[in-house]
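Down below is the structure, laid out as structure tokens.
These figures come from a predicted structure and were not determined experimentally.
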Amino acid sequence: LADSAGKIKMRVTDNVELDYVIYQWENEEEIRIDATEDNKTTIEKDIDVQKGTKLLTITAVDKAGNKEVETNTSVRIYKS
């Protein structure tokens with residue numbers, strides 16, 4: 001991406017079984033990642049970081065339907 005300033009690694013774990021994770025940079029499209037048969041307890045993804053101050057919200061849902069939402073206050077990237 002032309003506006004990309006690198007990547008951060010998202011790693012979500014569950015002690016039993018994850019269903020999916022959704023991540024979203026503020027005011028942008030939600031991205032859903034489903035757990036795989038190969039690894040039902042961990043979802044990892046390298047996420048492109050854009051320059052500027054952004055909010056990142058990550059929502060994790062396990063197979064039992066439990067949901068946890070975490071929002072990073074801001075990620076500031078000024079130089080690539």
Side-chain angles (χ1 to χ4, degrees):
L1 297 175
D3 293 337
S4 180
K7 295 186 182 285
I8 60 172
K9 181 174 280 293
M10 174 185 70
R11 185 171 195 264
V12 179
T13 61
D14 186 78
N15 62 336
V16 180
E17 186 175 352
L18 285 165
D19 190 8
Y20 62 91
V21 170
I22 295 173
Y23 72 90
Q24 178 184 26
W25 288 105
E26 66 181 281
N27 302 321
E28 293 188 16
E29 181 181 345
E30 290 183 343
I31 307 294
R32 177 178 166 144
I33 304 168
D34 293 313
T36 64
E37 289 296 319
D38 294 338
N39 192 350
K40 297 179 180 182
T41 60
T42 303
I43 295 175
E44 292 183 326
K45 172 76 174 166
D46 289 334
I47 301 172
D48 288 320
V49 178
Q50 297 196 358
K51 294 178 183 176
T53 301
K54 305 282 185 177
L55 294 176
L56 175 62
T57 301
I58 298 171
T59 304
V61 180
D62 67 13
K63 281 292 189 182
N66 300 310
K67 181 187 289 189
E68 185 166 332
V69 178
E70 183 166 325
T71 300
N72 261 346
T73 305
S74 65
V75 176
R76 292 183 188 172
I77 307 293
Y78 294 108
K79 296 181 180 180
S80 55

Listed partners of T57 passing side chain to side chain donor-acceptor pair (under 3.5 Å), at least two apart
T71
Are V12 and I47 joined in one hydrophobic group, where the rule is that I, L, V, M, F, W and Y side chains link up if heavy atoms are under 4.5 Å apart?
yes
Measuring from atom CG of D48 to atom CD1 of I8, what distance do you get when rounded to the nearest 0.5 angstrom?
10.0 Å
Just to verify, what does D62 make a side chain to side chain donor-acceptor pair (under 3.5 Å) with, not counting sequence neighbours?
N66
In terms of hydrophobic clustering (I, L, V, M, F, W, Y; side-chain heavy atoms under 4.5 Å; direct or indirect links), are I31 and V61 co-clustered?
no
Sorted by first residue and then second, give each salt bridge (charged side-chain N to carboxylate O under 4.0 Å, His left out) pair with at least one member in residues 11-27; sequence neighbours left out.
R11-E44, D19-K63
Short question: side chain of W25, backbone of V49 - any donor-acceptor pair under 3.5 Å?
no
Excluding sequence neighbours, so at least two apart, what forms side-chain contact (heavy atoms from CB on, under 4.5 Å) with I33?
M10, Y23, I43, K45
Those residues at least two apart in sequence (or on a different chain) that pass salt bridge (Lys or Arg N to Asp or Glu O under 4.0 Å) with D46 are K9
Going by side-chain contact (heavy atoms from CB on, under 4.5 Å), name the residues that satisfy it together with D34, two or more places apart in sequence or in a different chain.
Y20, R32
Rounded to the nearest 0.5 Å, what separates atom CD in E68 from atom OG1 in T59?
9.5 Å
Residues passing the side chain to side chain donor-acceptor pair (under 3.5 Å) test with N27, sequence neighbours excluded, are none
Salt bridge (Lys or Arg N to Asp or Glu O under 4.0 Å) with E30: which residues, sequence neighbours excluded?
none
With the side chain counted from C-beta on, respond yes when I58 and V69 share a heavy-atom pair under 4.5 Å apart, and no when they do not.
no
Sequence-distant partners of N15, side chain to side chain donor-acceptor pair (under 3.5 Å), two or more places apart
none
